[in-house]
Amino acid sequence: MEAGFLPRTRFQEFLDTLRHAGYRCIGPQVRDGAIVYDTLARAEDFPRGVRDRQSPGVYRLESTGSPRFFSWANGPQALKPIVFAPREPLWRSECTADAAIHYSEINPAEEPLAIIGVRACDLAALRLQDRHFLEGPFTDPGYAARRKNLFLVAVHCTHPADTCFCVSTGDGPRATQGFDLALHESDEGYLVQPGSDQGRALIAPLSLVTATAAQQQVADREVEDAARRQTRRLPARNLRDVLFANLAHPRWEEVAERCLSCGNCTAVCPTCFCHSEVDETALDGHASLHVRQWDSCFTQGHSYIHGITIRADTRTRYRQWLTHKLGSWHDQYGRSGCVGCGRCIAWCPVGIDITEEAAAVCGGGAHG
Ligand code: SF4
Ligand code: SF4
């Protein structure tokens, strides 16, 4: 379908339209030196004229003077914290007066959310999380409740960071599916392309003029240029067999000498879903709360089974992360677990680069 044109001066009207349709708007904003998603009521709150500089172990924001709201690649969060809560109570148990135990389920609040500024890599990651939480033998009720209420406004990426490699994973920089609306940003405004019936219905009252062929050509060229600027890459093929044939490769030892087992990479990764569950007991011992929280394959407890920590050292934990993410995900979900967002590279405190580690073990170059 043809795109409509929304001048930037009407972006507040777009936000108001979403709010009148019942959505709380979540959008990117600058907080503590990074771009994060939070409730956004005013167009002035977008990161206007801001770009990110990312490299291994480095994330910095700079002002550019550009009128654009989306001239950056990504921040530490994707959609993951919105649909897969970092900490979530699942049920409560209480001891009743007759000494029985009463269990009550805790259901998440359902709230329609419109998320503005979603990138192609994060849509691909959401699709993977859908596979995991919704399409296995059991549906996760908390994830399902939050997921079904999302209205997704994607933005085609025109400013990839040096750490991005979504072209090589086939996930970006253009958003091609999984959105309700997709925006292409220019200095003057936005080409708005519906991707669902809800998206089409939402913008109908705005009566947007049809984007011109010249505007569409410029937009296409900007996304193609963004793709060409990416220099990192992952070996394109399925790495499962080569990774599992190299479990004794010396590179695992080398990376373990640098890796802190801090788990930052798994926290920022939009596809990682490991979690642990704990019971938090009230001080009087009469009630407890069963809580699910994010965990990481880099923690001591993650592989603890019956008195033994299976992966007791960093070598085996890093190897587990890479062989699962780039290898056995193919068996579980039919594709790699990496969407090329580059977050694990920028937010690793010692700058470990997944593309370099994969190339070192599997062959091929990390830079193209
Ligand atoms: S492994 Fe790294 S680059 Fe790949 S999706 Fe996760 S955070 Fe992004
Ligand atoms: S690879 Fe980096 S971010 Fe991941 S656990 Fe090791 S030091 Fe932390």
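Whatever order the structure lists ligands and atoms in, that order sets their numbers, starting from 1. Being a predicted model, the structure only gives us computed values, none of them experimental.
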At less than 2.8 Å, would any N/O/S atom of Cys265, backbone or side chain, sit next to atom 6 (Fe) of ligand 2? no
Note: ligand 2 atoms sitting under 4.0 Å from heavy atoms of Asn264 are 3 (S)
Cys262 neighbourhood, listing ligand 2 atoms whose heavy-atom distance to it stays under 4.0 Å: 3 (S), 5 (S), 7 (S), 8 (Fe)
Protein contact of atom 5 (S) of ligand 1 - nearest heavy atom, named by residue and atom, plus distance: Val339 N, 3.3 Å
Between Asn149 and Tyr23, does the side chain to side chain donor-acceptor pair (under 3.5 Å) criterion hold? Intermediate values first, please. CA-CA 9 Å; Asn149 285 312; Tyr23 294 103; over 6 Å; no
Checking Asp279 against His290: is there a side-chain donor and acceptor pair closer than 3.5 Å? yes
List every atom of ligand 2 that sits less than 4.0 Å from any heavy atom of Pro349, numbering the atoms from 1 in the order shown and giving each element. 3 (S)
Salt bridge (charged side-chain N to carboxylate O under 4.0 Å, His left out) test vs Asp353 passes for just one of Arg233, Arg258, Arg232, namely Arg232
Measure the distance from atom 2 (Fe) of ligand 2 to every protein heavy atom, then report the residue, atom name and distance (to 0.1 Å) of the closest one. Cys348 SG, 2.3 Å
One finds that the ligand 1 atoms under 4.0 Å from a non-hydrogen atom of Phe165 are 3 (S)
How far is atom 6 (Fe) of ligand 1 from its nearest protein heavy atom, and which residue and atom is that? Cys269 SG, 2.4 Å
Among all protein heavy atoms, pick the one closest to atom 7 (S) of ligand 2 and tell me residue, atom and distance. Leu260 N, 3.2 Å
For ligand 1, which atoms, with element, lie under 4.0 Å from some heavy atom of Ile354? 1 (S)
Testing Trp294, Trp321, Phe84 one by one against Cys272 for a side chain to side chain contact (heavy atoms under 4.5 Å, CB included), which residue passes? Trp321
Mark up the atoms of ligand 2 that fall under 4.0 Å of a heavy atom belonging to Ser261, in ascending order. 5 (S), 6 (Fe)
The one among Cys121, Gly342, Gly337, Pro76 that brings a heavy atom closest to atom 3 (S) of ligand 1: Gly342
Identify the closest protein heavy atom to atom 8 (Fe) of ligand 1: which residue and atom is it, and at what distance? Cys341 SG, 2.3 Å
Parallel, tilted or perpendicular, judged at 30° and 60°: which one describes the rings of Tyr333 and Phe273? perpendicular
Verify the distance criterion only: is there a donor paired with an acceptor across the side chains of Gln332 and His324 at less than 3.5 Å? yes
I need the Asp171 CG to Thr176 OG1 distance, nearest 0.5 Å. 8.5 Å
Under 4.0 Å from a heavy atom of Cys344: give me the atoms of ligand 1 that qualify, with their elements. 1 (S), 2 (Fe), 3 (S), 7 (S)
Do Val218 and Leu191 sit in the same hydrophobic cluster, where Ile, Leu, Val, Met, Phe, Trp and Tyr count as joined when their side-chain heavy atoms come under 4.5 Å apart? no
For atom 4 (Fe) of ligand 1, what is the closest protein heavy atom, and at what distance to 0.1 Å? Cys338 SG, 2.3 Å
Under a 4.0 Å heavy-atom limit, does Thr271 contact ligand 1 with its side chain, its backbone, both, or neither? neither
Looking at Arg127 and Glu135, is there a salt bridge between them, counting it only when a charged N and a carboxylate O are closer than 4.0 Å? yes
Please work out whether the ring planes of Phe11 and Phe69 are parallel, tilted or perpendicular, with thresholds of 30° and 60°. perpendicular
